[in-house]
Student: 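First the structure, then my questions, so here it is.
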Amino acid sequence: VQLQASGGGLVQGGDSLRLSCQGSGAIFSINVGWYRQAPGKQREVVATISTGGIIYYGDSVKGRFTISRDNAKNTVYLQMNSLKPEDTAVYYCNTLIRARAGYWGQGTLVTVSS
């Protein structure tokens, strides 16, 4: 199954945005993560959600971002609230296995203006 991120855009600081991660097939058996890479920085984990619903958040987004999954729609979401300029990055969704193996698809750009 391949995953494709969408929903990025240009927003102002304090705004909200929801990203979607659409699977090409069933995702119910797949652990999925959202990652981001800001200009000049290494890619970092934003949030992950397991098949059983166990969730992890990176420290910088705790309390502001929410990851969820809808297996019926083969989609994982990332609700981003109280966005800050430092959240500006290309956001990727990926299976945890492909992420560890270094395989990445196209991300979606989120730009937060101050």
Student: Among pairs that include at least one residue of residues 32-77, which meet disulfide (SG to SG under 2.5 Å), considering only residues two or more places apart or in two chains?
Tutor: none
Student: I need the full list of salt bridge (Lys or Arg N to Asp or Glu O under 4.0 Å) pairs touching residues 21-41, with sequence neighbours left out, sorted by first then second residue.
Tutor: R36-E44, R36-D87
Student: Taking ILVMFWY side chains as joined if any heavy atoms are under 4.5 angstrom apart, and letting links pass through other members, which residues group with Y103?
Tutor: none
Student: Does any pair with a residue in residues 24-87 pass disulfide (SG to SG under 2.5 Å), and if so which ones, sequence neighbours excluded?
Tutor: none
Student: Determine which pairs satisfy salt bridge (Lys or Arg N to Asp or Glu O under 4.0 Å) with at least one residue from residues 74-85, sequence neighbours left out, and list them in order.
Tutor: none
Student: Mind listing the closest non-hydrogen atom pair of R98 and N94 along with its distance?
Tutor: CB-OD1, 3.2 Å
Student: How would you list all residue pairs meeting disulfide (SG to SG under 2.5 Å) that involve residues 27-62, not counting sequence neighbours?
Tutor: none
Student: Sort and list the pairs that fulfil side chain to side chain donor-acceptor pair (under 3.5 Å) and have at least one residue in residues 8-30, not counting sequence neighbours.
Tutor: S16-N81, Q22-T75
Student: If you measure from OG1 on T95 to CG on N31, what distance do you get to the nearest 0.5 Å?
Tutor: 8.5 Å
Student: On a heavy-atom basis, which atom in Q4 and which in Q106 lie closest, and how many Å separate them?
Tutor: NE2-O, 3.2 Å
Student: Regarding R43 and the six-membered ring of Y92, is the cationic atom NZ or CZ under 6.0 Å from the ring centre and inside 45° of its axis?
Tutor: yes
Student: Apply the hydrophobic cluster definition, ILVMFWY joined by side-chain contacts under 4.5 Å directly or through others, and give me every member besides L17.
Tutor: V1, L3, V11, L19, I27, I30, V32, W34, V46, I49, I55, Y57, V61, F65, I67, V76, L78, M80, L83, Y91, V110, V112
Student: Tell me the closest heavy-atom pair linking N74 and A26, and the distance in Å.
Tutor: OD1-CA, 3.2 Å
Student: By side-chain contact (heavy atoms from CB on, under 4.5 Å), which residues pair with S82, not counting sequence neighbours?
Tutor: R64
Student: Provide the full list of disulfide (SG to SG under 2.5 Å) pairs with a residue in residues 76-114, sequence neighbours left out, each pair given once.
Tutor: C21-C93
Student: Quick one: side-chain contact (heavy atoms from CB on, under 4.5 Å) partners of L109, sequence neighbours excluded?
Tutor: V90, T111
Student: Kindly give the cluster partners of I97, where membership spreads through any ILVMFWY side chain lying under 4.5 Å from a current member.
Tutor: none
